[in-house]
Amino acid sequence: MATSNPSGELWLRFKAGDERALGELARLHYRSLYNYGLRLTTDSDLVWDTIQDLWLELWDRRDKVGDAVFVKTYLLKSLRYKLLRRLPNQYPTRTDELTYTNTPSESPVEQQIIDDESMAGQMAQLQRLMASLTKRQQEVLYLRFYQNLENHEIAQIMGMERQSVANLLHRTLKELREHWSSSLLLLLLQMCW
Amino acid sequence: MIDYRTYEAEDFILDESFRRWALQADPQATAFWEAWQLQHPDRADVVRQARRLARNLSDYYADDATEDRIQQEVNRLMLGALDRSAQEEEPVRPLWYASPVWRWTAAACVVLLAAFGYWQYRTDTQQTAVSGTYAARVEQAGNALIEKTNTSAQTLNILLSDGSVVSLAPRSSISYPARFDKASRTVYLQGEAFFDVVKNPASPFLIYANHTITKVLGTSFVVRAYEDEPDVQVSVRTGRVSVYAQNDYERARQTGDRQLRGVVLTPNQQVTYNIKGDRLDKSLVERPMAILATIPSREQTFDDMPIAQMLLALEKTYGVDLVFNEDDLMRCRATISFAEENLMERLDVICQTVGASFEVIDGQIVIDSKGCQ
């Protein structure tokens, strides 16, 4: 997994107007960007198109961007900004407390977990657990887990304080752990792997 | 050194080294974590849980993008970027080989190769020695093509599914699919034609004509390639095209060579390809080829004119059929002027003024309007 260090020579070649550097750079970051886009919307066509626009705009402004940019953080942040502006229903950008719970609240998560035993069932369990988190919690967890970013980078991308990211991540993990440790982990332990 | 002894499952899954071991079998991480587990057998359960969770989470975050799709998107991006660079440049550069134009041509060729790699590979595996003649090319492309031959003494106008217009000279034939696929637009020409190609960086327009391949992003130009003539000529009226000898193009494709020799043409330049000598020579257009004289000037000025009349004028200029409600559109008026715009761009502008839409259906353009707005 590529970490978010400045892409050095490649970035400088890109800035100098080398189309091949653009291609290599895009190749390097395309999946990360697309995957991140899918966290923000389910409209994959919109994600593909927005990434194209993002790169082309960056290409147009290549002589105006800095020499020592943390490319990955910069790209993810730009994509987030662009995509959220294009989405019809606004993503909650300020309050952490807005919970978009997709789970029917009457049946306890644990009961559903015990009902599912197959691999697909495990995925369904995880999906339910994730859906019980707020969007911001999901995003923080995702940026840390999938994109391998540090708290200060996540803070930059999501426009938050570093400390708030740390707190949110901590709270998210605590919530997940409560579910996991109660029954999911027990169940997982019983399954051989 | 991090003290992992106090870690719970969720702490582990947030640790990058742990994830590299759990998800990617990274040798360095594997060595570390196997040794660590041996030293801390009491933590085995927690590690196992964490590893399981890491894998589930990783599946949860999986996306549907194939490597092919990503490559396609990168190609589309490169073409888009080249197109933008092209627009920034001066329209004509006489010292083309010393100018930045040449510098990006190499990149353009790379993109072209990558973009058509799969399609070319398919045709190539069936037959390695590809003939350059029209008949062989058309046969190889399969039977899904429509063929038009101009046996009359006048230029024949043909509307393609993407809205590009081909003006086919007498004694000439063109084969093209009823519907272009998304990734490329390929046609086969024998004889001479004037092309007015709709711009679409994501889907380059390729013309195979007697041992040459002309690649276009969106422009208008003439290709002259009669099989009984020793030369193929391509000359450009607007925009920019790249011309390759078919031999070079295909050899480069097979060997993966990035240094493809091609010639980039800008307005009022032309290239002559000598089939026997397998050489491309570039020059300025001295005397426009015959067909250019038969293509009427496409500059149009409509001053406070009913939309219906504009559409009738477009029909005449481009020699295509437009289907629309004449009564409705006779009442709406507008003032518009066009110079280099192609048919689709003109229709876009006209339709926008009255909130209409249009569609290319079976070689004609159907305009859907709801009166004036």
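Protein chains get the first letters and strands the later ones, always in sequence-line order, with residue 1 at the start of each.
Considering only heavy atoms from C-beta on, A/Met158 comes within 4.5 Å of A/Leu143 through its side chain.
For A/Leu56, the parts lying under 4.5 angstrom from a heavy atom of chain B are both the backbone and the side chain. The contact between B/Ala54 and chain A is made by backbone and side chain atoms together, counting heavy-atom distances below 4.5 Å. Heavy-atom distances place both the backbone and the side chain of A/Leu141 under 4.5 Å from chain B.
For the pair B/Arg69 and A/Trp48, the distance from NZ or CZ to the six-membered ring centre is under 6.0 Å and the angle to the ring normal is within 45 degrees.
Note on B/Arg76 versus A/Asp49: salt bridge recorded, some NZ/NE/NH1/NH2 to OD/OE distance being below 4.0 Å.
Ring centers of B/Trp21 and B/Phe12: at least 6.0 Å apart, outside the cut-off.
Every residue two or more places apart in sequence or in another chain was checked for a ring-ring contact (aromatic ring centres under 6.0 Å, His included) with B/Tyr60, and none qualifies.
In terms of heavy-atom pairs under 4.5 angstrom with chain A, the leader among B/Ile70, B/Val74, B/Asp64, B/Leu77 is B/Leu77. Ranked by heavy-atom pairs under 4.5 Å with chain B, the first of A/Arg31, A/Arg27, A/Arg144 is A/Arg31.
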